[in-house]
Number of protein chains: 2
Amino acid sequence: MVEHTGIRARVRAELTGEIKAAARRQLATEGANLSLRAIARELGMASSALYRYFANRDDLLTALIIDAYDGLGEAAETADARYRRRGDHVGRWLAVARALRGWALAAPSEYALILGSPVPGYRAPTDTTGPASRAPLVLAGIVADAAAAGALDEVPAPPLPAKLRAELTAVAGQVNVPLDAPVLARMMLAWTELYGAISFELFGQLDNLVGRRDEWFDYQARSMAALIGLR
Amino acid sequence: MVEHTGIRARVRAELTGEIKAAARRQLATEGANLSLRAIARELGMASSALYRYFANRDDLLTALIIDAYDGLGEAAETADARYRRRGDHVGRWLAVARALRGWALAAPSEYALILGSPVPGYRAPTDTTGPASRAPLVLAGIVADAAAAGALDEVPAPPLPAKLRAELTAVAGQVNVPLDAPVLARMMLAWTELYGAISFELFGQLDNLVGRRDEWFDYQARSMAALIGLR
DNA sequence: CGCTGTCAAGAGCAGTGCTCTCGTTTGTGT
DNA sequence: ACACAAACGAGAGCACTGCTCTTGACAGCG
């Protein structure tokens with residue numbers, strides 16, 4: 001368990017990576033119920049040898065899930081970080097939204113793995129909660145910046161029940177984003193919509209309905225920015 | 001293929017129903033990759049006998065998918081039909097939204113089947129497009145009623161690119177809902193958000209984040225009604 | 001009544017996840 | 001430099017899967 005930093009550990013890490021790469025490749029064509037034997041075959045090794053690297057199929061799946069969350073989160077973070085005009089909160093929001101969609105379109109099977117229907121019989125370990133929150137935290141950060149800059153419009157919103165409001169306030173404190181409950185609620189709603197938009201497109205719900213996908217997504221992202229009060 | 005209405009056809013239909021029921025039961029526990037042998041075992045018959053009723057696993061899955069779409073659509077339709085004050089468009093919207101969520105919570109595995117990540121290797125036949133549009137059509141109908149009654153508020157919205165606008169106008173004509181492009185766009189965005197909200201809750205994305213699920217969903221549904229312009 | 005189409009059952013094939021055992025390789029502490 | 005323990009890959013085997021093919025029984029219609 002301890003880091004031995006030897007040559008052995010190096011080749012082990014490399015082979016582990018190759019296994020995950022092969023698994024990802026298979027994920028794209030065969031879906032979440034990946035075949036360990038097929039992976040082993042592709043790597044030219046015995047199927048039983050895989051168990052030296054992953055205790056079972058779920059373990060391998062967990063590794064893929066964490067990688068996917070990290071990939072999505074990093075896409076969001078770099079998209080925001082690279083955006084020059086930090087005061088243009090709508091621009092940042094749009095850039096991050098596009099990055100999320102772009103990542104999803106580039107790796108649809110990995111997106112489905114983390115944000116699609118849960119794999120039956122698979123229970124996500126707690127290791128995934130950290131990476132999972134990276135993407136929404138980027139969105140929250142943009143809104144928080146706007147709020148701090150006094151650049152948030154007042155927007156009409158349905159009433160927030162007191163107890164729900166209290167819950168949201170607690171969540172804001174827990175993840176350390178300086179947003180009051182109504183704004184956080186709108187931001188979460190917007191994140192929900194973006195997720196729905198990407199999923200609709202990816203899962204085929206838009207087929208024969210909307211052809212101009214880029215424009216349609218941009219329209220939605222802009223609508224959500226407006227709903228939050230970004231300007 | 002012709003309806004023979006004989007005794008033979010009756011027992012066949014009954015057994016077909018029992019097979020689907022068993023498959024649904026297994027869907028809830030094991031997920032989309034259902035085991036024909038387990039179904040046959042549950043019904044006390046040989047696994048090979050199932051192939052008299054469904055050509056293969058995908059065929060059985062297709063039947064379940066169509067049933068699920070119909071169930072979701074019917075839940076939406078009856079929820080709207082039962083709502084008394086037809087002029088209260090927000091109320092109808094909320095009732096339908098709650099019905100959609102209620103159906104999903106009652107049959108999470110069936111919801112995942114139709115609106116979750118697509119089953120790998122499975123290609124949905126065209127038979128599913130009809131039932132699939134029932135639920136969103138109910139929502140569109142409410143908005144259309146509001147528009148016809150002149151009960152739609154003017155709401156600010158991002159610009160709609162001309163070509164996208166034309167596409168949406170074509171879609172409105174195709175499904176025969178008298179909505180102009182901007183309103184249809186907002187309605188589709190709202191439907192996307194509701195789907196995202198239900199999926200988030202069902203797929204565990206809200207765990208350790210929002211406890212008061214009913215209130216949170218109502219808030220979102222109300223927000224979407226306001227975004228469309230319902231009052 | 002007898003033919004014919006429908007039906008269930010069984011064996012069998014190729015594939016799966018996973019376990020256990022068996023030699024071999026390899027890094028490392030002495 | 002050497003020996004030892006840990007790590008490793010390969011193979012056989014178990015119980016399971018979807019699916020096909022064949023066989024035999026039975027029931028409905030002319």
Side-chain angles (χ1 to χ4, degrees), chain A residues 1-27 29-65 113 119-123, chain B residues 1-20 22-65 113 119-123:
Chain A
M1 287 303 156
V2 189
E3 297 251 334
H4 273 246
T5 72
I7 300 171
R8 201 126 186 178
R10 282 196 63 88
V11 312
R12 182 182 177 85
E14 270 183 34
L15 194 39
T16 304
E18 282 185 41
I19 293 173
K20 288 201 288 187
R24 255 187 295 266
R25 231 169 295 136
Q26 196 180 101
L27 201 66
T29 64
E30 304 297 330
N33 37 351
L34 32 80
S35 156
L36 295 187
R37 291 180 118 110
I39 294 173
R41 226 173 302 146
E42 187 175 334
L43 297 185
M45 63 197 300
S47 66
S48 54
L50 287 184
Y51 289 83
R52 302 270 176 200
Y53 299 86
F54 296 95
N56 48 36
R57 215 179 54 155
D58 277 9
D59 249 43
L60 175 53
L61 213 54
T62 300
L64 293 183
I65 288 176
L113 195 60
V119 182
Y122 172 84
R123 189 74 205 125
Chain B
M1 284 305 153
V2 190
E3 299 252 332
H4 273 247
T5 72
I7 300 171
R8 210 123 179 176
R10 282 197 62 89
V11 313
R12 184 183 175 84
E14 271 183 34
L15 193 41
T16 303
E18 281 185 42
I19 293 173
K20 288 201 288 187
R24 255 187 295 266
R25 232 171 293 136
Q26 197 182 100
L27 201 66
T29 64
E30 304 297 331
N33 35 353
L34 31 81
S35 157
L36 295 186
R37 289 179 119 109
I39 295 172
R41 224 172 317 166
E42 188 174 332
L43 297 185
M45 64 199 297
S47 65
S48 53
L50 288 183
Y51 290 83
R52 303 268 177 200
Y53 299 87
F54 296 95
N56 49 35
R57 214 178 55 154
D58 277 10
D59 247 44
L60 176 52
L61 213 55
T62 299
L64 294 183
I65 288 177
L113 195 60
V119 181
Y122 172 85
R123 189 76 206 122

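Throughout, a chain's letter reflects where its sequence line sits, starting with A, and its residues are numbered from 1.
Between B/Leu50 atom CG and C/dG10 atom P there is a gap of 14 Å when expressed in whole angstrom units. We find that CZ of B/Arg12 is positioned 15 Å from P of D/dG28, with the value rounded to whole Å. In this structure, CZ of A/Arg10 is placed 13 Å from P of C/dT28, rounded to the nearest angstrom. Between B/Leu15 atom CG and C/dA8 atom P there is a gap of 6 Å when expressed in whole angstrom units.
Here the closest non-hydrogen pair linking A/Ala32 and A/Leu27 is CA-CD1, 3.8 Å.
Listed by chain and residue number, B/Gln26 satisfy the side chain to side chain contact (heavy atoms under 4.5 Å, CB included) test with B/Glu30 (two or more places apart in sequence, or in another chain). For the side chain to side chain contact (heavy atoms under 4.5 Å, CB included) test, residues two or more places apart in sequence or in another chain that qualify with B/Arg24 are B/Lys20, B/Leu64, B/Asp67, B/Glu110. For the side-chain hydrogen bond (donor to acceptor under 3.5 Å, both in side chains) test, residues two or more places apart in sequence or in another chain that qualify with B/Thr62 are B/Tyr122.
Nucleic acid contact class of B/Tyr53 (heavy atoms, under 4.0 Å, all strands): sugar-phosphate only.
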Query raised in the report: What string of B, S and - do you get for nucleotides 14-27 of chain D 5' to 3' if you count protein non-hydrogen atoms under 4.0 Å?
Result: ---BBBB------B
Side-chain atoms of residues 47-61 of chain B: list all donor-acceptor pairs with protein atoms under 3.5 Å, sequence neighbours left out, distances to 0.1 Å.
| unit_1 | atom_1 | unit_2 | atom_2 | d |
| --- | --- | --- | --- | --- |
| B/Asn56 | OD1 | B/Asp58 | N | 3.3 |
| B/Asn56 | OD1 | B/Asp59 | N | 2.9 |
| B/Arg57 | NH1 | B/Leu34 | O | 3.2 |

